[in-house]
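Notes to accompany the following structure.
Letters A, B, ... mirror the listed sequences (proteins, then strands); counts begin at 1. These numbers were taken from a predicted model, which means no experiment stands behind them.
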Amino acid sequence: MGASKKKSYGRFFTVPVVISLSILIFLLLCIIFAPFITKTDPNALDLLNVLKGPSKEHLLGTDKTGRDIFTRILYGGRTSLLSALGVVMISVVIGIPTGLISGYYGGKVDMILMRICDVVVSFPALLLAFIFVAAFGRGLGNAVLALGIVYVPMLAKLTRSLMLVEKNKTYVEAAYSIGYSDRKIIFHEIFPNCLPTILVELTLDLGYAILDLASMSFLGLGVQPPTSDWGYMLEENRAFLTTSPLMAISPGIVIIVFVVCLNVFVDGVEMYSDPSRRRMPSMKKLKKRMELIEHA
Amino acid sequence: MKKYVLKRILQFLITMLIVSVLIFVMVRLSRTDPLAAIVGGKQTTPEILAQLKTKFGLDKPVVAQYFSWIGGFLHGDLGMSFKYQAPVSGLLTARLPVTLGLVFFASIIAMVVAIPLGVVAARHKDSPFDVISSVICLVLAGTPPFLMSLIFILFLARFFPSYPFTGSFETVPQYLLRMLAPSIALSFTMIALSFRMMRSNMIEQMQAQYTMTGKAKGLPPKVISWRHNFRNAIIPVLSVASIQFGSLIVGSVLVETVFSLSGLGTLLIDSIKASDYAVEQDIMMLLVALFLIISLVVDLLYALIDPRIRLK
């Protein structure tokens, strides 16, 4: 397996993929093992050490109530990432079955489901989330639910288009002629073939969800105090932007790094899955390989 | 063509109708009592409450409330704000120039910057300029508008300390100067997305058969790129720009908050927090209508340019 992979042209682990993947894994490990990295409580007030600059005890300084910024970023990462994951899960649970059923059955079912999606799409994305929050109240749970629903149409339309391509293939006809039930054909036969493209889309959505949730928390519609979350931390410390910029902006830098690495990684995966876009080895290496083949 | 236009306009009207019902119902699902928002914590008697109920039309059945709202909306009568106890239209007209200006200037800036950059990057693919601008746009695409605004403020405070962040504006030059920084901050996301799309479309067009023909006939590369490839590459960029318009509208809500501009966005967030029904539903309806009208216009223009769409 290893040998055959080496010989195939174009690699999966290109430089951008390796860098982005290692940064992502590093950040994830830091966030997961936060209690082992810092011993400070993210919500512990320390009114004697307010707005301190970076030091050995407080790597990124403290905020206006003396809470350690570094610790809050690590713990805030849990809130941000878990809730972004929640957004994606909600869109998966509703969007994928909708797309599959809509594409498979077509006709009236398809028309009704797609018209509903069109209505949702006719709102500028976050605005719909604002409306949901206005209806059901502020808070992290409602923000996650609202964004999850906002993300449904995109995913449903993607799944539907994949289904339309797959359902006319011979293996579906074969499964039908053996007498498989519709449910088995849709979920056991066709769905696994749509999965790679859907997974790429979901990873991208995760990045968008992090950004959108941060925006909602920043506006005070998402996370409520004292929970720490990257978006809400930016709002909390905004007043000290010019006096202590590092403290005010560091959660934002973590957001950018995380989302950019996620996008670079997805780009790499997409490039690899489309052979015409695969990064080729340099001409020097190709010539060497040619020589090896000729000698053999 | 006529059939397509009629169909598209009908579709627009139906969507507006559904959207208006949806907004109306969602706003009314809120568990906060609208009377509490009107009274605002002051002591009252049941008589005053009943009076207020009639004044704001809350005693009528919900269906009648919907029709009086939508009827008023179409005639420019936007109802009364609960919190400010003033006509919503007055509140909105004062704030409309800020939000519309932000969205308008940001999209102009984005197009003016992103399109030429995309073409140049595509023409010199893999050159240092291409790599650097692609990396910058990758980072910009991962930066939400409010964060961009914060970073931008930091930058301005360091290098242009005299820039007016606060205070009101009366004259047109003052207004333009005040809008400049937020518009630039808002435009970055759109620059990133338009740049990436323009660049990849251009590269695709430069590999097309007709480009080869042009080269074989001895046309200068500049003429092929700008007169032939560019025209084909820009159409999808403009159509996607109309979709991005929606994210600009929402982005302006965030940018207004950071730059403490009193526009529609800040008013919307305040009214959501205060359960101010009238203001909430009017602003949302206005923003969605703006978004839908823009996409309608772009679709129609698109059909005018591209016969494949109108004949489908």
Hey, does the side chain of A:S22 reach the backbone of A:V18 with a donor-acceptor pair shorter than 3.5 angstrom?
yes
Partner chain B: residue of A:I253, A:V119, A:V264 with the largest heavy-atom pair count (under 4.5 Å):
A:V119
If one checks every heavy atom of B:L268 against chain A at 4.5 Å, the contacting part turns out to be side chain
Name the region of B:L138, side chain, backbone, both or neither, that has any atom closer than 4.5 Å to a heavy atom of chain A.
both
Under 4.5 Å from any heavy atom of chain B, what part of A:F218 do you find: side chain, backbone, both or neither?
side chain
List the residues meeting side chain to side chain contact (heavy atoms under 4.5 Å, CB included) with B:A185, not counting sequence neighbours, and say none if there are none.
B:S149, B:F152, B:F259
Check A:D110 with A:R115, please: is the shortest side-chain N to carboxylate O separation under 4.0 Å?
no
Check: B:R95 side chain, B:G263 main-chain N or O, donor-acceptor pair, under 3.5 Å
yes
Give, as side chain, backbone, both or neither, the part of B:L150 having an atom under 4.5 angstrom from any heavy atom of chain A.
both
At a heavy-atom separation under 4.5 Å, does B:T15 approach chain A through its side chain, its backbone, both, or neither?
side chain
Among A:V257, A:D212, A:L126, residue most engaged with chain B (heavy-atom pairs, under 4.5 Å)
A:L126
Geometric cation-pi criterion, B:R28 with B:F24: 6.0 Å, 45°
yes
Tell me, with the steps shown, if B:I293 and B:F12 meet side chain to side chain contact (heavy atoms under 4.5 Å, CB included).
CA-CA 8 Å; B:I293 289 172; B:F12 165 77; 3.7 Å; yes
Just wondering, do B:M285 and B:M16 contact through their side chains at under 4.5 Å, heavy atoms?
yes
Any residue of residues 247-256 of chain B which, by heavy atoms, sits under 4.5 Å from chain A:
B:V250, B:V253, B:L254
Portion of A:F132 that has a non-hydrogen atom of chain B nearer than 4.5 angstrom:
both
Treating A:D229 as the side-chain partner and A:T79 as the backbone partner, does any N or O pair qualify as donor plus acceptor under 3.5 Å?
no
What part of A:L262 lies closer than 4.5 angstrom to a heavy atom of chain B: side chain, backbone, both or neither?
neither
Considering only NZ, NE, NH1 and NH2 on the basic side and carboxylate oxygens on the acidic side, decide whether B:K273 and B:E280 come within less than 4.0 Å.
no
Judged by atom type as modelled, is there a donor-acceptor pair below 3.5 Å linking the side chain of A:Y151 to the main-chain atoms of A:Y208?
yes
For chain B, which candidate among A:D118, A:I210, A:I255, A:I256 shows the most heavy-atom pairs at distances under 4.5 Å?
A:I256
What distance do A:L74 atom CG and A:L27 atom CG have between them, rounded to the nearest 0.5 Å?
9.0 Å
For B:V258, which atoms come within 4.5 Å of any heavy atom of chain A: side chain, backbone, both, or neither?
both
Does A:A248 offer a backbone N or O that forms a donor-acceptor pair with the side chain of A:R238 under 3.5 Å?
no
For chain B, find which of A:V133, A:I249, A:L219 contributes the most heavy-atom pairs closer than 4.5 angstrom.
A:L219
In terms of heavy-atom proximity below 4.5 Å to chain B, should A:V121 be classed as side chain, backbone, both, or neither?
backbone
Between B:D130 and B:K125, is there a salt bridge with N-O shorter than 4.0 Å?
no
Looking at A:C261, A:G231, A:A214, which makes the most heavy-atom pairs under 4.5 Å with chain B?
A:A214
